[in-house]
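Each remark here refers to the structure printed beneath this line.
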Amino acid sequence: MSQAEIEVRHDWSYEEVQALFALPFMDLVLQAQWQHRKVFPANTVELCTLLSIKTGACPEDCNYCAQSVRYDTGLVREKLMGLEDVLVAAKQAQAQGATRFCLSAAWRSPKARDFGQVTTMIQEIKKLGLETCVTLGMLTPEQVQALEQAGLDFYNHNLDTSPEYYPEITSTRTYEERLNTLALIEQSKINVCCGGIMGMGESLTDRINFLRQLANFDEHPRSVPINLLVKIKGTPLEKSENIDPFDFVRVIAVARLLMPKSFIRLSAGRQQISDEMHALCFLAGANSIFIGEKLLTTPLPALDRDQILLNRLNIKPLKKEQKTCENVL
Ligand code: SF4
């Protein structure tokens, strides 16, 4: 089947998504793998690196996050990094095979005095030949325009969970505010990166409604990070119940089926996932991972472990020219 024949829908009903979750596990994973192979080269994975350029002291109260100023997690706060240090990290990531370099700042929204420094970072990272992504919190239309002019490729703004469950996770902003920033990005030339976190005590209904939100956007996010909650001591979610690993794989498989042309990224929580579970996630259609030592404040599997695992599974890193959105979409 050619890519032109892949049906991309934006009108998924609750019942349809519920029916996918209800499929026997093997049927669901098999369908997701076939869907994946219709669009993406088989046995490939995109490698990305994320750098925290401003750490901690965030005024928001996301219940899972070590960076909120409200929780005593022992996190060491760091001011906005300088350009030179960011470029050293970007070159190192590129040498390790990353094709996208993502910058994250723990802000509710960026302040004018910092914003110019971030746009310069974007321009300089792009000169290295890397794709760029930033996550800076909520944006104004003017800021979106400035990021677009700086040549930003992706903006990450996660919805985290369903609209119904969101108030249980964060009280300092609304789902609507998240959607407003996403709408501004959608109207620009910048690609949307938007996903969520599993294992925060959400129900199956929440998982269905979270995925429906993403899948029913006018355009699917090009990148969909699916995180597994890292239970950080000192945060309100530190004692959350573990999600059944097979339910986590189901979320990935359903995301693959709903958004066939998106990169589904295994993000935070990978250190808690066994090699065998990684393989199941790839089988279910995950085709992107973060590499490096840390994902913001939580550890990632050592680079060596990732390389050994990808070798054992005979999975190759996607090259930049293989994965440009123009090729894939
Ligand atoms: S998730 Fe982001 S917005 Fe929420 S507390 Fe952490 S850094 Fe702040």
Side-chain angles (χ1 to χ4, degrees), residues 48-81 86 102-111 114-115 117-118 121 133-140 143-144 147 152 154-163 165-182 184-185 192-202 206 210 213-214 221 223-238 240 265-270 290 292 294-300:
C48 307
T49 298
L50 178 63
L51 177 70
S52 179
I53 54 170
K54 184 263 168 184
T55 306
C58 179
E60 303 286 77
D61 71 350
C62 308
N63 277 348
Y64 52 83
C65 183
Q67 303 205 63
S68 170
V69 76
R70 296 158 197 249
Y71 314 132
D72 182 9
T73 60
L75 183 76
V76 179
R77 299 172 185 186
E78 287 168 26
K79 289 194 179 133
L80 186 60
M81 278 174 79
V86 171
C102 312
L103 306 178
S104 165
W107 291 320
R108 175 177 166 83
S109 46
K111 296 200 172 59
D114 301 318
F115 192 73
Q117 293 185 56
V118 176
M121 289 174 193
C133 177
V134 295
T135 181
L136 311 173
M138 291 180 282
L139 299 176
T140 63
Q143 287 171 330
V144 173
L147 290 172
L152 180 68
F154 287 80
Y155 193 80
N156 166 266
H157 204 58
N158 288 337
L159 285 176
D160 291 348
T161 188
S162 67
Y165 197 57
Y166 197 73
E168 302 292 323
I169 300 302
T170 306
S171 73
T172 47
R173 56 168 188 258
T174 64
Y175 213 73
E176 209 51 42
E177 286 176 299
R178 297 302 270 184
L179 292 173
N180 290 345
T181 293
L182 287 168
L184 290 175
I185 301 292
V192 171
C193 169
C194 181
I197 307 173
M198 301 301 122
M200 299 194 294
E202 74 285 349
D206 292 313
F210 157 69
Q213 275 289 331
L214 301 179
S223 292
V224 179
I226 303 289
N227 299 276
L228 179 63
L229 177 71
V230 179
K231 298 179 208 173
I232 296 166
K233 201 163 180 294
T235 62
L237 291 183
E238 76 166 283
S240 297
R265 179 172 312 126
L266 283 181
S267 301
R270 283 208 304 119
F290 275 119
K294 274 201 298 185
L295 190 62
L296 300 182
T297 62
T298 61
L300 282 171

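Atoms within a ligand are numbered from 1 in the order they appear, just like the ligands themselves.
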Test item: Asn180 and Met138 side chains (from C-beta on) under 4.5 Å apart, heavy atoms: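 Not in contact.
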Can you find a pair of side-chain heavy atoms, one from Ile185 and one from Phe154, that are under 4.5 Å apart?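 Answer no - side chains too far apart.
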Distance below 2.8 Å from atom 4 (Fe) of ligand 1: how many protein N/O/S atoms qualify?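 For atom 4 (Fe) of ligand 1, protein nitrogen, oxygen or sulfur atoms under 2.8 Å: 1.
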What do we get for Arg173 next to ligand 1 when only non-hydrogen atoms under 4.0 Å count, side chain, backbone, both or neither?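 Answer for Arg173: side chain.
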Look at ligand 1 and say whether Arg108 reaches it with a heavy atom at a distance under 4.0 Å.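 The answer is no, since Arg108 has no heavy atom less than 4.0 Å from ligand 1.
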Asp61-Ser171 side chain donor-acceptor pair, cut-off 3.5 Å: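 Yes.
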Tyr155 side chain to Cys194 backbone, donor-acceptor under 3.5 Å: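 Absent.
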Under 3.5 Å: donor-acceptor pair, side chain of Ser223, backbone of Cys193: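 No, Ser223 side chain to Cys193 backbone: no donor-acceptor pair under 3.5 Å.
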Are the charged groups of Lys233 and Glu238 less than 4.0 angstrom apart, N to O?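 Between Glu238 and Lys233 there is no salt bridge, as every charged N stays at least 4.0 Å from the carboxylate O atoms.
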Can Asp160 and Tyr165 be said to form a side chain to side chain donor-acceptor pair (under 3.5 Å), step by step? CA-CA 9 Å; Asp160 291 348; Tyr165 197 57; over 6 Å; no
Where is the nearest protein heavy atom to atom 1 (S) of ligand 1: which residue, which atom, and how far?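 Looking at atom 1 (S) of ligand 1, the protein heavy atom closest to it is Tyr64 OH, 3.5 Å.
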